[in-house]
Amino acid sequence: MTTYTAINLIKYHERGPISPDYFQTVKLDKPNANAGELIVKQTYMSLDPAMFGWMNADTDSYMPPVELGTVMRSFGIGEVVESNHSGFNVGDRITGMMGWQEYFLSNGEGLEKVDSSLPDVDILSVLSLPGLTATQGLFNVGKAKSGETLVVTGAAGSVGSIVGQLAKADGLRVIGIVGSEEKANWIVKELGFDGAINYKSDELDAQLAALAPNGIDLFFENTGGPIQHLIYNRMNEHGRIVLCGLIAGYEKGEYSAAPSWMNAIRKRLTIQGFVMTDHFHNSQALLEKLAPYVLEGKIKHRSHVLTGLESAISGLNLFSTGGNKGKLIVKL
Ligand SMILES: NC(=O)c1ccc[n+]([C@@H]2O[C@H](COP(=O)([O-])OP(=O)(O)OC[C@H]3O[C@@H](n4cnc5c(N)ncnc54)[C@H](OP(=O)(O)O)[C@@H]3O)[C@@H](O)[C@H]2O)c1
């Protein structure tokens with residue numbers, strides 16, 4: 001192959017669904033690896049809700065936006081096909097921020113060798129961002145304790161489903177909030193959650209009261225939306241709220257008002273946001289915590305795999321419609 005395909009971001013997103021006019025598909029000449037360089041053939045790339053932020057012109061975030069006219073940012077997995085780098089050999093399996101492109105020329109910076117025999121899809125679904133985020137958020141931020149009650153939103157998603165299963169394995173009572181009956185059934189019947197609430201159904205507060213009769217100690221927030229206020233109002237004294245994501249606002253580009261701080265004073269709550277870019281240096285320790293649960297078969301997952309680089313464009317809209325069933329991944 002002398003050329004390969006890449007997709008550049010050419011317009012910033014403000015609000016509304018993602019359409020093809022935000023991107024330009026380009027054919028590039030395949031590079032050679034010079035001294036100190038390697039080339040990775042990407043096999044699968046991860047789609048993540050964070051991409052809405054990376055596609056936005058706002059520079060006041062934890063990561064700068066993707067520069068217009070350059071390849072769209074993404075995390076992926078692949079195999080080294082050419083190497084002039086002493087640290088990497090042809091055939092090594094690699095993860096890293098490789099972008100929406102078939103081949104990735106690198107000096108090795110930021111790339112990690114995969115130290116697992118699990119298939120590529122499982123690595124991206126569990127042992128990469130979703131599992132690291134769930135582990136960091138639940139244990140290090142949320143300080144989950146056996147016997148407590150956890151409510152997690154986005155509970156059938158890639159992060160939320162792992163949060164709930166880790167918490168179940170550690171003896172918490174786990175209630176998941178989801179957007180469909182199919183997802184509610186999956187997290188209760190397949191993943192072993194104690195209960196599920198479809199936030200599109202009625203009588204949400206009564207459902208919460210029934211499923212969390214002793215109140216809520218830990219709230220892992222992935223979505224935002226009206227149920228946030230109801231969960232917040234049922235927090236127990238010294239409860240913790242882990243702010244991981246607010247996906248209900250990403251496509252619209254606006255976020256609903258948060259609940260009153262009064263309850264945080266009365267109940268002495270700890271409310272903490274976190275982003276994984278602050279914690280990637282600690283990935284090894286997080287994986288050491290997560291891996292035993294995976295090896296013991298306590299973490300099931302679903303992967304939603306799209307095919308072809310350009311499927312990434314419309315694929316991003318699945319996050320907002322709830323159309324993704326599990327970790328959203330593109331097979332190249
Ligand atoms: N802080 C960090 O470092 C970090 C790292 C990774 C991810 N995150 C955040 O974690 C969250 C989950 O990410 P993920 O990759 O695991 O995605 P995901 O949960 O697999 O997919 C997104 C899900 O969000 C739900 N959703 C969409 N619009 C919604 C709305 N208006 N109200 C309620 N739910 C809605 C949909 O599920 P339903 O069908 O159930 O509605 C959709 O399937 C996101 O907010 C993401 O930004 C944060």
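Order of appearance sets the numbers: ligands from 1, and atoms from 1 within every ligand. What you are looking at is a predicted structure, and each value in this text was computed from that prediction instead of being measured.
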Give the residue and atom name of whichever protein heavy atom lies nearest to [atom], and the separation in Å to one decimal.
{"atom": "atom 36 (C) of ligand 1", "value": "Gly322 CA, 3.7 Å"}
{"atom": "atom 37 (O) of ligand 1", "value": "Lys183 NZ, 3.4 Å"}
{"atom": "atom 27 (C) of ligand 1", "value": "Phe319 O, 3.0 Å"}
{"atom": "atom 40 (O) of ligand 1", "value": "Gly179 N, 2.8 Å"}
{"atom": "atom 44 (C) of ligand 1", "value": "Asn222 O, 3.7 Å"}
{"atom": "atom 7 (C) of ligand 1", "value": "Val159 CG2, 3.8 Å"}
{"atom": "atom 17 (O) of ligand 1", "value": "Pro49 CG, 3.6 Å"}
{"atom": "atom 3 (O) of ligand 1", "value": "Met276 N, 2.8 Å"}

Linking Ile, Leu, Val, Met, Phe, Trp and Tyr by side-chain heavy atoms under 4.5 Å, what else ends up with Ile227?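 Members besides Ile227, by chain and number: Val151, Ile175, Ile177, Ile197, Tyr199, Leu204, Leu208, Leu211, Ile216, Phe219, Leu230, Ile231, Tyr232, Met235, Ile241, Leu243, Leu269, Ile271.
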Under 4.0 Å, counting heavy atoms only: does [X] come that close to any atom of ligand 1?
{"X": "Gly225", "result": "no"}
{"X": "Cys244", "result": "yes"}
{"X": "Ser320", "result": "yes"}

What is the minimum heavy-atom distance between [X] and [Y], and which atoms define it?
{"X": "Gly160", "Y": "Val152", "answer": "CA-CG2, 3.9 Å"}
{"X": "Gly245", "Y": "Tyr250", "answer": "CA-OH, 3.4 Å"}
{"X": "Cys244", "Y": "Phe220", "answer": "CB-CE2, 3.5 Å"}

For ligand 1, which part of Lys327 has a heavy atom less than 4.0 Å away: the side chain, the backbone, both, or neither?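 Lys327 to ligand 1: no contact under 4.0 Å from either part.
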Can you tell which part of Thr223 has a heavy atom less than 4.0 Å from ligand 1: side chain, backbone, both or neither?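 Just the side chain.
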Do Asn198 and Glu181 have a side chain donor and acceptor closer than 3.5 Å?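 Yes.
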Residues in side-chain hydrogen bond (donor to acceptor under 3.5 Å, both in side chains) with Arg173, at least two apart?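 For Arg173 there are no side-chain hydrogen bond (donor to acceptor under 3.5 Å, both in side chains) partners, ignoring immediate neighbours.
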What are the atoms of ligand 1, with element, lying closer than 4.0 Å to any heavy atom of [X]?
{"X": "Leu246", "value": "45 (O)"}
{"X": "Ala248", "value": "30 (C), 31 (N), 32 (N)"}
{"X": "Tyr250", "value": "45 (O), 46 (C), 47 (O)"}

For the pair [X] (side chain) and [Y] (backbone), establish whether a donor and an acceptor sit closer than 3.5 Å, ignoring hydrogens and angles.
{"X": "Glu102", "Y": "Thr5", "result": "yes"}
{"X": "Ser303", "Y": "Lys327", "result": "no"}
{"X": "Lys325", "Y": "Glu182", "result": "no"}
{"X": "Gln42", "Y": "Phe104", "result": "no"}

Please work out whether the ring planes of Phe139 and Tyr293 are parallel, tilted or perpendicular, with thresholds of 30° and 60°.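 Parallel.
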If hydrogens are left out, which of [options] has an atom nearest to [atom], that is, the closest non-hydrogen atom?
{"atom": "atom 14 (P) of ligand 1", "options": "Gly154, Gly157, Ser158", "answer": "Ser158"}
{"atom": "atom 25 (C) of ligand 1", "options": "Asn324, Ile247, Thr277", "answer": "Ile247"}
{"atom": "atom 35 (C) of ligand 1", "options": "Phe220, Phe274, Tyr199", "answer": "Tyr199"}

With side-chain hydrogen bond (donor to acceptor under 3.5 Å, both in side chains) as the test, would you mind laying out the steps for Lys331 and Thr43 before giving the verdict? CA-CA 6 Å; Lys331 181 179 192 303; Thr43 49; over 6 Å; no
